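Only one structure is covered here, and it is reproduced in the block below.
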Amino acid sequence: MKTFYTKPNFCDPQLIWFDHGKTCILPEEVVYLSSLENYTEFHLKCGKKVISSRTLKIHETQLVAKGQFARVHRKFMLNMQYLKHIERHGEEHVAHLTTGDKIIVSRRQAKRLNN
């Protein structure tokens, strides 16, 4: 399965573009996104990580329209199809993903997702 695609002559609106429109990935390949100050790190299903020079907020507006993505924390955005369950550890809420990863969820988002 090929994760990265080179830019074709047409622009498929379902793809997520990187490197100033030179490469792209499918939204269903993305497990979650994490903020690295003014950069965004994409964590892919195959285990690879891709860094984008755009902020998480810019990607949020793009991805919410494309599928099952939700901002679950100020530093994380999650593809909801990979969410197994959310656990509470004291004051902290942790999302357990089908890939085995764990990410922090804010109190408000944990409450919204559990309902």
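Keep in mind the model is a prediction, meaning the values are calculated, not measured. Residue numbers count from 1 along this sequence. All values below come from the heavy atoms of this structure, side chains included, with hydrogens, waters and symmetry mates left out.
- Connection of Met80 to Val94 is not established within any shared hydrophobic cluster, with ILVMFWY side chains joined at heavy-atom distances below 4.5 Å, either directly or through further cluster members.
- Note that the NZ atom of Lys57 and the OG1 atom of Thr40 stand 12.5 Å from one another [nearest 0.5 Å].
- Contact of the Ile25 side chain with the Leu44 side chain is registered, since non-hydrogen atoms from C-beta on lie closer than 4.5 Å.
- The closest side-chain heavy-atom distance from Ser35 to Phe76 is not below 4.5 Å.
- Counting heavy atoms from C-beta on, the side chains of Tyr32 and Leu97 come closer than 4.5 Å.
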(request) Under the side chain to side chain contact (heavy atoms under 4.5 Å, CB included) rule, what do Thr98 and Gln81 come out as? Steps first, then yes or no, please. (result) CA-CA 9 Å; Thr98 57; Gln81 70 184 22; over 6 Å; no

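- No hydrogens or angles considered: nothing links the side chains of Ser106 and His93 as a donor-acceptor pair under 3.5 Å.
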Atom pairs and distances, side-chain donor-acceptor, residues 82-89, under 3.5 Å, sequence neighbours left out:
unit_1: Tyr82; atom_1: OH; unit_2: Glu28; atom_2: O; d: 2.5
unit_1: Glu87; atom_1: OE1; unit_2: His89; atom_2: NE2; d: 2.8
unit_1: Glu87; atom_1: OE1; unit_2: His96; atom_2: NE2; d: 3.3
unit_1: Arg88; atom_1: NE; unit_2: Gly90; atom_2: O; d: 2.9

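- Taken from CZ in Arg112 to CZ in Arg108, the straight-line distance is 12.0 Å, to the nearest 0.5 Å.
- The side chain to side chain donor-acceptor pair (under 3.5 Å) search around Thr99 returns Asp101, not counting sequence neighbours.
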(message) Show, in sequence, the C-alpha distance, side-chain angles and deciding distance for Phe69 and Val30, and conclude whether the side chain to side chain contact (heavy atoms under 4.5 Å, CB included) test is met.
(response) CA-CA 10 Å; Phe69 287 87; Val30 179; 4.0 Å; yes

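- With rounding to the nearest 0.5 angstrom, the CD1 atom of Ile104 is 14.0 Å from the CD atom of Gln109.
- Atoms CD and CG, on Gln68 and Leu78 in that order, are 10.0 Å from each other to the nearest 0.5 Å.
- Under the 4.5 Å side-chain criterion, counting only non-hydrogen atoms from C-beta, Asn79 is not in contact with Lys45.
- In this structure, Val105 and His73 have side chains that are not in contact, with every pair of non-hydrogen atoms separated by 4.5 Å or more.
- Side-chain atoms of Ser52 and His59, non-hydrogen and from C-beta on, do get closer than 4.5 Å to each other.
- Listed by chain and residue number, Ser34, Leu36, His43, Lys49, Ile51 satisfy the side chain to side chain contact (heavy atoms under 4.5 Å, CB included) test with Glu41 (two or more places apart in sequence, or in another chain).
- Here the straight-line distance linking atom CG of Leu33 with atom CZ of Arg54 works out to 13.0 Å at 0.5 Å rounding.
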(request) For the pair Val64 and Met77, evaluate side chain to side chain contact (heavy atoms under 4.5 Å, CB included) and give the outcome as yes or no after the intermediate values. (result) CA-CA 10 Å; Val64 168; Met77 188 169 182; 3.7 Å; yes

